Structure formats: structure tokens, C-alpha cells
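Only one structure is covered here, and it is reproduced in the block below.
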Amino acid sequence: MRLLWIAVVLLGCVDERAVVQDDPLADPGLDALVGRVGIDAGGARRPPAPPDPPPPEPPPPEPPPPEPPDPPPPEPGVRWFRCDEADACAVLPMPLDHDRPQGPVLDYFVRRFDAYDRSTRQLWLIQGGPGAPGDGVADLAYLFREVDPSLTVYVPDHRGTGRSSWLGCPDDLRAGPACQRSLLATWGSAVRQFSATQAARDLGAAIDLLAGPREEVLVWGVSYGTVLVNRYAHLFPGQADALLYDSACPGAGCDLSAWDPNFDRIGRAYLAGCAADAGCRAALGPDPVEALTGLLASLEEGHCRVGIQPVDLKAYLAFFLMDEGTRAAIPALVQRLQRCNDRDRAALGWFQQTVAGLFDETDPPPGDSDAVYWNIAISELWSPADPRPEVLAARDARLLFTTGSVGELARFVAAWQPPRYVVDARHRRWATPPVPMLLLNGTLDPQTPHFQLDDAVAAFTGPGQHVRFLEGGAHAVIDFPFDAGSPCGALITGAFVVDPAAPLRDGCADALGPPGYTLDAELADLLFHDGAGKRGGATAWWPRLRARFLALPPPVRHALSRRAP
């Protein structure tokens, strides 16, 4: 909900409205009586009132109060019902295979957040993943409606997730071999229909059903959601009036086999900046990359025996790299392991207790589907030059920052039983419909790194089409910088939503400074607290870190959970 108040203060593009209501306690009859008998409201007598002056000219009549916004018109065949997380929800029937519309039908769950004013536009929010339902981005509906009160916002669950015909096995949420056999027995080769292409066709069909004839349609996606929005733009090139991409995969899709090498490249870039920060340079020296390399070698030889192995440290550093607020834990952890005095040992023991709780995978996110993740990831997001797990493991062993998830993914790919689907080669590039488009990405985003987006820079050349990289931004830049009163990502996104055809209002990006290297005091206490006490549960950082961990792709969560002490 933090984003709700951001919009009005920051965007400067919301009409100021003041609603003045009559005082419900005012009584004109009582006021007239008091004036006649000369009694104050408190009961004391007062001198008689002087003669009334001539009555003033009557004021011009006040305009009538504005009409309340009309409720959205009913859509044929759609039954909206009350739900806790939105103004209304609906379950739309969608073909399992859109090429066979008379065949089996799936549920497609949609949340609706009504416009604050008369609705003239609609915005669809598409969650990342794959395999995640839409509730993770639903709070953004409040931000966008504050920015433009005429927006009705829709948030669907991707097919196979949440309440959109969830795909999986309740007794095997990881979709292991027994679950795969069960899915094949239930669905057969139709498991392939839980794909990005069919999900994009769900989105287009839902918009076609729910958009009014004169409503402007905008579609926003984040992370894997940008793959789905791009696929949608290929399949429905004339439907949306504007498209927004936050933390984007390339037009061909993200290659998950490059996940850890991407982390290493971004991590090294962050450490290189440490040398220019006085405090960080004092902690790690003039070459922080060399300092980390030397520390890993010394841990291998038995330095600072506190239970943190080199492979553990690499995973911890990779995890902290994902969040702009936790990145400063990287030099702090490296320094403590280098120094390793008695106080550091106590702090590192506390750190391992925190990590054990943080990387606990026993309570997976409700509504997530590992089966959908694997089906999409293996079919279209996995393209290593050499897929052998041992080759990938040897490559990643040379990295400084690595979650260890690529080897996990490679092993799962090799054992995956359901048939893969094939993506039309024409869809493995950026769609460029003649509408405004905005792509925002952070320069320190290890999950969808900006250096993979040269194809977007080359493709987004039409009127109102923009690619903007935010210096120091991590994944999901709409909330970047997180600790700023005015997140630049929200400013740029909100201004574009208000008027997609206007020149891009991105001046805040030019004022962004270098990334921070000073660890927040509350986060330092959570991670390295020296004394006894409750482990960090009362701080704001614990829920943020847990949410970050639980939002990770299944193989990354699995790999990190093995690094828990």
C-alpha cells in the first residue's frame, strides 16, 4: 500500500479536487430563532441586534453537484461477484486451446478495481513468474487509480495459477516425477496448453469481452509478464492503445540458462562502484572484486570456520543483490568474513540463524504453480549452448555471485516428462504495433539485466515509444528508489499512463545518484545483531525479505533453501 500515497504527492498529474459537504449538524431554524430572541447558543442574553442591512444581491446559483460515476456496464455473459481483494471478481470461461473453441474450458479469474470517476479507460496488470497469480501486483491498482481516477484496473490470474484452473498436485507442490505422471494422466498432451501463447490469448479474449466500445486500453507487465504482454501484442496488434514493460525480458524471451552469469556480471558492476564510495573502499580496499575473490579462496582453505562455505557465500551475495535496499549487506558480509574477530563470529552466527528462517521453503506462496513454471520455462525460456548439468555447474563454479539454480534447472529439464510446446518464431522478437510503448529497466537488475535489451532499443522507434534505463535500479523499477519520497519509476510510469502520447516525463532519471553501500541500521540489526533477542521479526525488513524469497522462481528457491544452515 506504500505506493498509494506516492502517486498524488509525486506525479503532479492528478487533478486537485475538494469535496465540500453541508454540515450535518447545522440547523437553519435554530439559527434564526437565536437571532430573534437574542440568545447565544450557550444560553446567555446579548444586546438586541441592530436593524438588518438591506439584503445583498442574491449570489448566482451554485452548479449542481457532479453526478456520481456510473457503474461499469454489465458485460454479456459475465457474472461479477463480491471478493475481498477487489471491488468485484469474475470467472471467465476460456478454451483450453483457443484454436479449438468448442473443446474443454478453463476458468480465467479476473479482479476488477473500479474507477474513482466515470470510467473511460482500463488498465490490465500482468504479473511476472511464470507460475505466479496476479495478486502480487494487485496493490498497484490503487496507485494507478490515484494517478488517473478514470481508470478501471483489471488483474487476472495467469492460466494454471491461483483461481484460473490451478495446475499441479496438492501433495507435491514442486511438480516432481510422480506429479508429472499424474498431470499426464489427467491432461495428456494438453499440458502444453498451459503456455505463454495461450495465456496471451486469454488476455486478449478477456479484454475483447470487458472493454467498452470507447474505452482506452492500456496493458502493463513486469518481468515474465513482459513476455506475455509482448506475445499479446503480436496476437492482438490493434487492441491495446498503449503498452508498458517493467524489467523486461528480451524480445526472444529470457534465457534462464544465463541466470547466474547475469547475476555475476551485475554483482561485479556493483562491487566496482564500491571502490568509488569512501566507506566501502575503506572496508574492502581499492579492488573490491579482488577482495571477494581472495576471500572465497581463503574460505576454501579454512579461514573463518563459522559454517559459511564459498558456495553458501556466493548464494547469499546473489540474494542480497536482487534488492536495492539489501545490496549494502554485500560489503558488510564480506568485511565481517575477512576480519573474523570474536564479535564478527557472533554476528555471523546470528546471520546464519536469520538465513535459516529466511530461506525456509516449507510455506510456498498460495496460488503459485511450479507445474506452470516448468512447462513454460522448459518450453521457451531455456536455451543453453550445452545443456549438460555438469557443464553448466562447472561454468557457474567460476562465478562470484551465483544462486546455484541453473544446475538445478538443468537437472529438472532433463527429467521433465510432459511434452514441450513450440513457439512461433515470429513471436520471438519485439512486437511493434503503432501505439505508445514504454520500457523501464534498472541498470543493476540481475534478473532481467538491461544489457540484454539492445533489441528493444532498436525496435522502440515509433512515435511515443521509449526505452529508459534507471541508474542503479534493481528488479521491478516502478518502486525505485524504494526509500525515496518520490520513486522515479512511479513518476515516469504514472505520467505515461496519464498521457501515453505526450513527451516522456523522465527528468527524475537524470537526478539518480550512485547505488548505496551503507547498510540500513534496522537491516544490520536483523542480519548481524550481536546480542540475544527475537530474530528481526519486528522490523520492516523481515517481511520484505521473505516476500522477495517467496517470489523467486522455483529452482532459485530450491537452490537457496539448500544454502540455509
Side-chain angles (χ1 to χ4, degrees), residues 96 106-107 109 126-137 156-196 198-199 202 222-225 227-228 249 253-257 259-260 319 322 359-382 389 403-421 447 546-564:
L96 172 66
L106 300 178
D107 292 340
F109 181 79
I126 307 303
Q127 171 65 302
D135 53 2
V137 295
D157 283 349
H158 189 291
R159 64 164 50 199
T161 75
R163 282 169 276 184
S164 290
S165 295
W166 184 78
L167 181 72
C169 306
D171 57 346
D172 182 8
L173 296 178
R174 289 193 176 189
C179 179
Q180 294 169 38
R181 290 191 292 271
S182 175
L183 294 176
L184 286 170
T186 302
W187 296 93
S189 62
V191 172
R192 291 180 296 190
Q193 304 304 335
F194 290 87
S195 67
Q198 292 288 354
D202 292 339
V222 61
S223 196
Y224 159 76
V227 174
L228 197 151
C249 288
C254 287
D255 179 7
L256 296 176
S257 70
W259 176 275
D260 282 330
F319 177 77
M322 298 184 213
F359 291 171
D360 179 6
E361 210 184 3
T362 57
D363 186 21
D368 278 23
S369 170
D370 281 19
V372 168
Y373 172 85
W374 291 115
N375 187 55
I376 294 174
I378 292 172
S379 295
E380 61 173 289
L381 302 178
W382 176 254
T403 63
S405 62
V406 174
E408 171 104 11
L409 210 158
R411 289 187 291 273
F412 214 99
V413 170
W416 183 247
Q417 301 170 35
R420 307 180 189 190
Y421 63 84
Q447 292 156 270
R546 278 294 288 166
R548 173 70 67 178
F549 172 75
L550 293 173
L552 291 171
V556 183
R557 291 201 312 270
H558 304 340
L560 289 177
S561 68
R562 292 201 301 272
R563 303 276 70 84

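From a predicted model like this one, the values you see are computed outputs, not experimental measurements.
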>> Please determine whether side chain to side chain contact (heavy atoms under 4.5 Å, CB included) holds for the pair Phe194 and Ile376, giving the CA-CA distance in whole Å, both sets of side-chain angles, and the decisive distance to 0.1 Å.
In response: CA-CA 8 Å; Phe194 290 87; Ile376 294 174; over 6 Å; no
>> Applying side chain to side chain contact (heavy atoms under 4.5 Å, CB included) to Leu552 and Met322, what does each step give before you reach the verdict?
In response: CA-CA 10 Å; Leu552 291 171; Met322 298 184 213; 3.3 Å; yes
> For Tyr373, which residues count as a ring-ring contact (aromatic ring centres under 6.0 Å, His included) partner, sequence neighbours excluded?
Replying inline: none
> Looking only at atom types and distance, does a side-chain atom of Ser561 sit under 3.5 Å from a main-chain N or O of His558, one as donor and one as acceptor?
Replying inline: yes
>> Show the nearest heavy-atom pair for residues Val406 and Leu256, with the distance to one decimal.
In response: CG2-O, 3.8 Å
> Taking all atoms of both residues into account, what is the closest heavy-atom pair of Asp172 and Cys179, and its distance?
Replying inline: OD2-CB, 3.3 Å
>> Ring-plane angle category for Tyr224 and His158, please: parallel below 30°, perpendicular beyond 60°, tilted otherwise.
In response: tilted
> Distance from Glu380 atom CD to Ser195 atom OG, nearest 0.5 Å?
Replying inline: 7.5 Å
> For Thr403 and Asp260, does a side-chain donor sit closer than 3.5 Å to a side-chain acceptor?
Replying inline: yes
>> Donor-acceptor pair, distance only, cut-off 3.5 Å: does the side chain of Ser379 make one with the backbone of Asn375?
In response: yes
> Are any side-chain N or O atoms of Ser164 and backbone N or O atoms of Phe109, one a donor and one an acceptor, separated by less than 3.5 Å?
Replying inline: yes
> Pro555 and Ser405: which non-hydrogen atoms are nearest, and at how many Å?
Replying inline: O-CB, 3.6 Å
> Atom CG of Leu409 and atom OG of Ser257: how far apart are they, to the nearest 0.5 Å?
Replying inline: 8.5 Å
> CH2/Trp259 to CH2/Trp382 distance, rounded to the nearest 0.5 angstrom?
Replying inline: 12.5 Å
>> To check you understand the geometry: which heavy-atom pair defines the closest contact between Thr161 and Ser369, and what is its length?
In response: CG2-CB, 4.3 Å
> Applying side chain to side chain donor-acceptor pair (under 3.5 Å), which residue pairs with at least one partner in residues 407-418 are found, sequence neighbours left out?
Replying inline: Glu408-Arg562
> Side chains of Tyr421 and Gln193: do they bring a donor and an acceptor to under 3.5 Å?
Replying inline: no
>> Quick check: closest heavy atoms across Ser189 and Pro419, and the distance to 0.1 Å?
In response: CA-CG, 4.0 Å
> Can you check whether Asp368's main-chain N or O pairs, donor with acceptor, with Trp166's side chain at less than 3.5 Å?
Replying inline: yes
> At what distance, to the nearest 0.5 angstrom, does CD of Gln180 lie from CZ of Phe412?
Replying inline: 5.0 Å
> Short question: side chain of Gln127, backbone of Gly225 - any donor-acceptor pair under 3.5 Å?
Replying inline: no
> What residues form a salt bridge (charged side-chain N to carboxylate O under 4.0 Å, His left out) with Asp370, not counting sequence neighbours?
Replying inline: Arg557
> Which heavy-atom pair separates Pro366 from Pro133 by the least distance, and what is that distance?
Replying inline: O-CG, 4.1 Å
> Do you know which of Asp107, Asp202, Leu167, Val372 makes side chain to side chain contact (heavy atoms under 4.5 Å, CB included) with Arg159?
Replying inline: Asp202
> Within a strict 4.5 Å, meaning less than it, do heavy atoms of the Val227 and Pro130 side chains meet?
Replying inline: no
